[in-house]
Amino acid sequence: MAERSILVLTTSFPSAEDDPSGIFIAKLLGSLKKLGYHLKVVAPSDGTFHGHRQIHSIDTIRFGYFLPHSMEKLTRSGGGIPEHMSESLLARLQLFPMMLMFLLVTLREVRHADLIYANWLGAGIIGAVANLLTRKPLVITFRGDDGYLARDRPLWRILTKWVSRRASMVAPVSGELVRILIEIGIPKEKCRLPQFGVDRDMFFPDQTRTPHEGPVRLLFVGSLIERKGVHDLLEALADPDLANVELTVVGEGILEPHLRDMCQRLGLEEQTRWKGVLPPKEVAEIMRQSDLLCLPSYMEGRPNVVNEAMASALPVISTRIGGIPDMVAEGESAFLFVPGNVNELRDHLKKLAQDGDLRKQMGLAGLEFLEQSGVSWDSTAKEFDQIFSSVV
């Protein structure tokens, strides 16, 4: 393969080696780099740094978009851009300057690139304008909420259709997103569905683990925002039959104060551990010490935490949405339920909390399912290599 240069546009990317934000993009780029690609990432600053750095050995430019930089709110950690805009007038006012700076930096950097790879609709809009002005080919990945908003909101639908028309190829993260894009008018032949990977060197089972006495260790990993459904998980846990379950929450977000108040009101303080945001290696270690993972989301694309849990031999309880049904063997490695159905969620929790043999059986089934599917970031990179080669 001739060496190619890709300009990667994204609104979420790690700011340091131990930052979990957008880590799945960094993992994919690391595997693409091994294939010989030259890569540069452009992303708005999350307040950690402004300027140029090497993150995970990838050239990364984080640009500022408001002065003073300490008042930049739109892309701070703890949720996505839509969540910050819903909570803050200042964040809404910063959308235009952020997009303008995004475009200016992209146009400066795209001169040296053979191809633009954009993640999420916001970055896709910038990529589409750059494609219009420079004719550099564009590939875009829709990752969940942007696809659902295109289905449900006219303005998002118009923008998604325009961006997709400018793109040479569209690579959503789930079959459901592919169906949504086709329904709103994106040609089927323009859509590709890569199989997104998991870091098997970091996420793996504890082979020395033995059955333990004490509470059943339940894990949630994700942003503490409305669509992640943590409020449903807390409500489901408030049951005397689940008093032996200890919940560990890894993540932060604008809903955290409300969730902590809810936890106190439901009498779950002694059962709940709030860990905040942790580096991926620490998340992997907590998974090896846990008994099951719950992801009660209302909206997802293809959540990598599900693959990470299965790679760690954890059974999964999650909602039947997005790409999740395609990622698991329902009833064998995971229990799925309708978003917001607290009673169904509670029943699944009770079934697994009360049966250690079932937890072990489902965890091993998930690990085997993952191994048989051959999921890895290297395999994902090879699929993207084929996509990029077809458009350059």
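Enclosure of atom CD in Gln264 is not indicated, since only 12 or fewer non-hydrogen atoms of other residues, nucleotides or ligands lie within 6.0 angstrom. No more than 12 heavy-atom neighbours from other residues, nucleotides or ligands sit within 6.0 angstrom of CD on Glu368. In this structure, Arg153 places its CZ atom where only 12 or fewer heavy-atom neighbours from other residues, nucleotides or ligands lie under 6.0 Å away. Counting heavy-atom neighbours within 6.0 Å of Gln54 CD, excluding the residue itself, gives a total above 12. Lys73 NZ: 12 or fewer foreign heavy atoms inside a 6.0 Å radius. Crowding of Lys190 atom NZ: a count of heavy atoms from other residues, nucleotides or ligands under 6.0 Å exceeding 12.
Heavy atoms only, all atoms of each residue included: Phe13 and Asp19 are closest at O-OD2, 4.1 Å. When all heavy atoms of Val375 and Gly197 are compared, the pair lying nearest together is CG1-CA, 3.3 Å. Across all non-hydrogen atoms, the minimal contact from Leu358 to Asp355 is N-OD1, 3.0 Å. Contact detail for Pro339 and Tyr298: the closest heavy-atom pair is CB-CD2, 4.0 Å.
Counting only distance, with no hydrogens or angles, the side chain of Glu235 and the backbone of Met262 share no donor-acceptor pair below 3.5 Å. A donor-acceptor contact shorter than 3.5 Å is absent between the side chain of Ser390 and the backbone of Phe388. In this structure a side-chain-to-backbone donor-acceptor pair under 3.5 Å is present from Arg359 to Leu352. Panel note: side chain His50, backbone Gly47; no donor-acceptor pair is recorded below 3.5 Å. With hydrogens and angles disregarded, a donor-acceptor distance shorter than 3.5 Å links the side chain of Ser86 to the backbone of Glu83. Proximity of a side-chain donor or acceptor of Arg346 to a complementary backbone N or O of Ala236 within less than 3.5 Å is detected. When atom types are taken as modelled, the side chain of Arg217 and the backbone of Glu246 share no donor-acceptor pair closer than 3.5 angstrom. Checking side-chain atoms of Lys33 against main-chain N and O of His38 turns up no donor-acceptor pair under 3.5 Å. Under the 3.5 Å distance criterion, the side-chain polar atoms of Lys136 are matched with a main-chain donor or acceptor of Val110. Within the 3.5 Å criterion, the main-chain N or O of Tyr65 finds a donor-acceptor partner in the side chain of Glu72.
Here CG of Asp326 is found 10.0 Å from CD of Gln195. Values are rounded to the nearest 0.5 Å. Here CZ of Phe102 is found 6.0 Å from CD1 of Ile126. Values are rounded to the nearest 0.5 Å. With values rounded to the nearest 0.5 angstrom, Thr380 atom OG1 is found 12.5 Å from Asp385 atom CG.
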(request) List the steps, then state whether side-chain contact (heavy atoms from CB on, under 4.5 Å) holds for Phe220 with Thr248. (result) CA-CA 6 Å; Phe220 168 85; Thr248 297; over 6 Å; no
(request) Give the intermediate values and the outcome of side-chain contact (heavy atoms from CB on, under 4.5 Å) for residues Ser12 and Ile25. (result) CA-CA 9 Å; Ser12 180; Ile25 299 176; 5.6 Å; no
(message) Walk me through whether Asp18 and Lys281 qualify under salt bridge (Lys or Arg N to Asp or Glu O under 4.0 Å).
(response) CA-CA 8 Å; Asp18 60 354; Lys281 287 184 179 179; over 6 Å; no
(request) Apply salt bridge (Lys or Arg N to Asp or Glu O under 4.0 Å) to Arg76 and Asp46, showing your working. (result) CA-CA 5 Å; Arg76 296 280 171 171; Asp46 63 355; over 6 Å; no
(request) Kindly indicate, with the supporting measurements, whether the criterion side-chain contact (heavy atoms from CB on, under 4.5 Å) is fulfilled by Cys294 and Leu345. (result) CA-CA 9 Å; Cys294 183; Leu345 168 57; 3.8 Å; yes
(request) Carefully, step by step, assess Arg62 and Thr48 under the rule side-chain hydrogen bond (donor to acceptor under 3.5 Å, both in side chains). (result) CA-CA 9 Å; Arg62 305 301 295 253; Thr48 305; over 6 Å; no
(message) Run His52 and Thr60 through side-chain contact (heavy atoms from CB on, under 4.5 Å) and show every step you take.
(response) CA-CA 6 Å; His52 180 277; Thr60 305; over 6 Å; no
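Figure legend: Arg288 and Phe204 shown as a cation-pi pair, the cationic atom lying under 6.0 angstrom from the six-membered ring centre and within 45 degrees of its axis. For the pair Lys351 and Phe335, the distance from NZ or CZ to the six-membered ring centre is under 6.0 Å and the angle to the ring normal is within 45 degrees.
Two residues are said to be in side-chain contact when any heavy atoms from C-beta on lie closer than 4.5 Å; Val198 and Phe24 fail this criterion. A 4.5 Å side-chain heavy-atom check between Val249 and Lys275 finds every atom pair outside the cut-off. Put simply, the side chain of Asp232 does not reach to within 4.5 Å of the side chain of Leu234, judged on heavy atoms. Residues Ile184 and Ile186 form a side-chain contact, since some pair of their non-hydrogen atoms from C-beta on lies under 4.5 Å apart. Side-chain contact between Trp274 and Cys263: present, with at least one pair of heavy atoms (C-beta onward) separated by less than 4.5 Å. In this structure, Pro205 and Leu367 have side chains that are in contact, with non-hydrogen atoms separated by less than 4.5 Å. Within the 4.5 Å cutoff, the side chain of Pro280 has heavy atoms near those of the Met202 side chain. With contacts defined as side-chain heavy-atom distances shorter than 4.5 Å, the pair Leu233/Leu218 qualifies.
A salt bridge is defined here as a Lys NZ or Arg NE, NH1 or NH2 lying under 4.0 Å from an Asp or Glu carboxylate O, and Glu256 with Arg260 meets this definition. Salt bridge Lys350/Asp239: present, at least one basic N to carboxylate O contact under 4.0 Å. For Arg192 and Glu383, the salt-bridge test fails: no basic side-chain N is under 4.0 Å from an acidic carboxylate O. A salt bridge is absent between Arg4 and Asp114: the closest approach of a Lys/Arg side-chain nitrogen to an acidic carboxylate oxygen does not fall below 4.0 angstrom. The existence of a salt bridge linking Arg151 and Glu183 is excluded, since no basic side-chain nitrogen approaches an acidic carboxylate oxygen closer than 4.0 Å.
There is no path of hydrophobic side-chain contacts, each under 4.5 Å, that joins Leu29 to Leu138. Using a 4.5 Å cut-off between side-chain heavy atoms of Ile, Leu, Val, Met, Phe, Trp and Tyr, with links allowed through other members, Val41 and Leu74 fall into different hydrophobic clusters. There is no path of hydrophobic side-chain contacts, each under 4.5 Å, that joins Leu93 to Met71. In the hydrophobic cluster analysis, where Ile, Leu, Val, Met, Phe, Trp and Tyr join through side-chain heavy atoms closer than 4.5 angstrom, Tyr117 is grouped apart from Leu9. Under the 4.5 Å side-chain heavy-atom criterion for grouping Ile, Leu, Val, Met, Phe, Trp and Tyr, Ile140 is not connected to Val391 through any hydrophobic cluster.
Taking the centre of each ring, Phe196 and Phe384 come in below the 6.0 Å mark.
Residues Glu300 and Ser297 have side chains that bring a donor and an acceptor to within less than 3.5 angstrom of each other. Counted by atom type alone, Asn304 and Glu308 present one or more donor-acceptor pairs between their side chains at under 3.5 Å. Side-chain contact, Ser376 with Asp378: no donor N or O sits under 3.5 Å from an acceptor N or O.
Ile182 forms part of a hydrophobic cluster together with Val178, Leu193, judged by ILVMFWY side-chain heavy-atom separations under 4.5 Å.
Residues that satisfy the ring-ring contact (aromatic ring centres under 6.0 Å, His included) test with Phe142, not counting sequence neighbours, are absent from this structure.
Screening residues 156-180 for side chain to side chain donor-acceptor pair (under 3.5 Å) gives Asn131-Arg166, Tyr148-Glu176 as the qualifying pairs, with residues at least two apart or on separate chains.
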